[in-house]
There are 2 protein chains.
Amino acid sequence: MRPGGRSARVQQSVHQAVRDLEAERGRDALTVPLIATRAGVTPSTIYRRWGDLRELLSDVAVERLRPDAAPADQGSLRADLEAWIEQFAEEMSSSVGRTYIRDALLGDPEQGNAARCSDYAAEQLTAIGVRAAGRGEAVPGVEALLDAIVAPLMYRILFRPSDTSAAYTHGLVAAALDRR
Amino acid sequence: MRPGGRSARVQQSVHQAVRDLEAERGRDALTVPLIATRAGVTPSTIYRRWGDLRELLSDVAVERLRPDAAPADQGSLRADLEAWIEQFAEEMSSSVGRTYIRDALLGDPEQGNAARCSDYAAEQLTAIGVRAAGRGEAVPGVEALLDAIVAPLMYRILFRPSDTSAAYTHGLVAAALDRR
DNA sequence: AGCTTAACGCGAAGAAATTGCTTTTTATGG
DNA sequence: CCATAAAAAGCAATTTCTTCGCGTTAAGCT
């Protein structure tokens, strides 16, 4: 592996080309030759590095799913969770959000990219949990929060076009915190 | 749409070809022309009917994910749920199971096939619930069961290569039933 | 039975994927 | 600091897949 120099430039310009073309022509119009041309690279370079279009899109999708800020402090564990999951739901259930999730899941035989998505959520929840513990609040484990809050939401988004409103997500938070 | 006659035969032979070739050469070796030849059909027929390989694989995957029997009666709601989710987890977390889930999810812009997967689980849970209600047991709603039992399991399978053992799934059942 | 038209077959044209070979460039060790 | 081994990218030819127009077949309907 060569992390720097030309390789880095190629990766960057290819990723940028994907983002640009996605915005310009829509995701379904993306092809490897098209991306390669825009990035100033030959198609074989992309095929050799990423394998196929799906894996490339998967990489780009994971980057876009990375949270850009720490979860906001609302003063209490419950409020922090409610605010975070509400925003999370909004992003993920949108048309683009769903597409990114699916892309991240698909082009990824080794499950690595999907795991990174879950790690992002876990990191955010951990930050919320640490802050709450600092306040002296009782905090469920991250696993429990993933199971009770993130998983039901993602299941709905992926499998069932159904309610993902704040009313619903807040209910998930309540169920997670009010458990015996 | 023409459900019968030649169309039905084509669909059947194409689906059969997918299953056969999948077993013979592995899923990654599948291509539209290969499937078409095996099915005794021209490639353009497949492209016209299914659009692309992903949608075809999605259709086949959903069929294979359809439960083949009603959930077994273990004498109580808790035991029924435990037995059902345990078997469900075993099937879904296997290598083939995960592949089918991903295929069903991916080749499906309209979300129809993914929804059918969820419907299968909902049907099974409903059957268990109706039986338990007949015994006079208190039964959570299907939505609650999906959120509390199915969703966490599927999230783990899709996003995090982690524990999906009976110990874990039975814990999900306990959490679902012991909720206030 | 006859009619309409959805669905399939065929073949050509165009686009994308794969691969061997060459060239460039990075990282390392003298 | 240069030499060198090897990784990564470029190039081009080949193979394979995809799309599309047009003719043919056969469901479904009256």
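Throughout, protein chains are lettered first and strands after them, A, B, ... in sequence-line order, and every chain is numbered starting at 1.
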[X] (side chain) and [N] (base): donor-acceptor pair under 3.5 Å:
X	N	result
B:S7	C:dC8	no
B:S44	C:dC8	no
B:R2	C:dA6	yes

Handout entry: Among D:dA27, C:dC8, C:dT24, the nucleotide that comes nearest once only the side chain of A:R6 is considered
Key =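 Looking only at side-chain atoms, A:R6 lies closest to C:dT24.
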Problem - Selection from C:dC8, C:dT26, C:dC21 that lies nearest to any side-chain heavy atom of B:T45 - result: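 Selected nucleotide: C:dC8.
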Practice task
Please list residues of residues 17-42 of chain A whose heavy atoms come under 4.0 Å from any atom in DNA chain C, ordered by number; otherwise none.
Solution key: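 A:T31, A:V32, A:P33, in order of number.
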Exercise for the section: Would you sort out whether A:Q12 and A:Q16 count as a side chain to side chain donor-acceptor pair (under 3.5 Å), showing the intermediate values? Expected result: CA-CA 6 Å; A:Q12 237 194 335; A:Q16 189 61 46; over 6 Å; no
Practice task
Could you check A:A8 against B:R9 and say which one's nearest nucleotide on DNA chain D is further toward the 5' end?
Solution key: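 Result: A:A8.
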Problem - Residue met sooner reading DNA chain D from 5', once B:P43 and B:R48 are mapped to nucleotides - result: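 The residue closer to the strand's 5' end, by nearest nucleotide, is B:P43.
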Practice task
Would you kindly compare A:G5 and B:Q11 by the position of their nearest DNA chain C nucleotide and give the one closer to the 5′ end?
Solution key: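 Result of the comparison: B:Q11.
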Handout entry: Nearest heavy atoms of B:P33 and B:P43, plus distance in Å
Key =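 Looking at all heavy atoms of both residues, the closest pair is CA-CG, 4.1 Å.
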Exercise for the section: Could you pull out the closest heavy-atom pair between A:D108 and A:S58, with the gap in Å? Expected result: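 Looking at all heavy atoms of both residues, the closest pair is CB-OG, 3.9 Å.
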Exercise for the section: Could you tell me whether B:R49 contacts a base, only the sugar-phosphate backbone, or nothing, with contacts defined as non-hydrogen atoms closer than 4.0 Å? Expected result: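 Sugar-phosphate: the residue B:R49, judged by heavy atoms under 4.0 Å, touches backbone atoms but no base.
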Practice task
Describe the nucleic acid contact of B:P3 in one word from base, sugar-phosphate, nothing, applying a heavy-atom distance below 4.0 Å.
Solution key: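 Touches sugar-phosphate only.
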What's the [atom1]-[atom2] distance between [X] and [N], to the nearest Å?
X	N	atom1	atom2	value
B:W50	D:dC17	CH2	P	18 Å
B:L53	D:dT19	CG	P	12 Å
A:D52	C:dT18	CG	P	8 Å

Handout entry: Exam field: side chain B:R78 to backbone B:V173, donor-acceptor pair closer than 3.5 Å
Key =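 No, the answer is negative, given that no donor and acceptor are paired below the 3.5 Å cut-off.
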Handout entry: B:D163 backbone acceptor or donor facing B:R156 side chain under 3.5 Å
Key =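 Checked: pair present.
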Problem - Value rounded to 0.5 Å, distance of CZ in B:R49 from CD in B:Q11 - result: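 Rounded to the nearest 0.5 Å, the CZ-CD separation comes out at 5.0 Å.
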Practice task
Would you mind reporting whether A:R135 and A:D80 have side-chain heavy atoms less than 4.5 Å apart?
Solution key: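 A:D80 vs A:R135: side chains touch.
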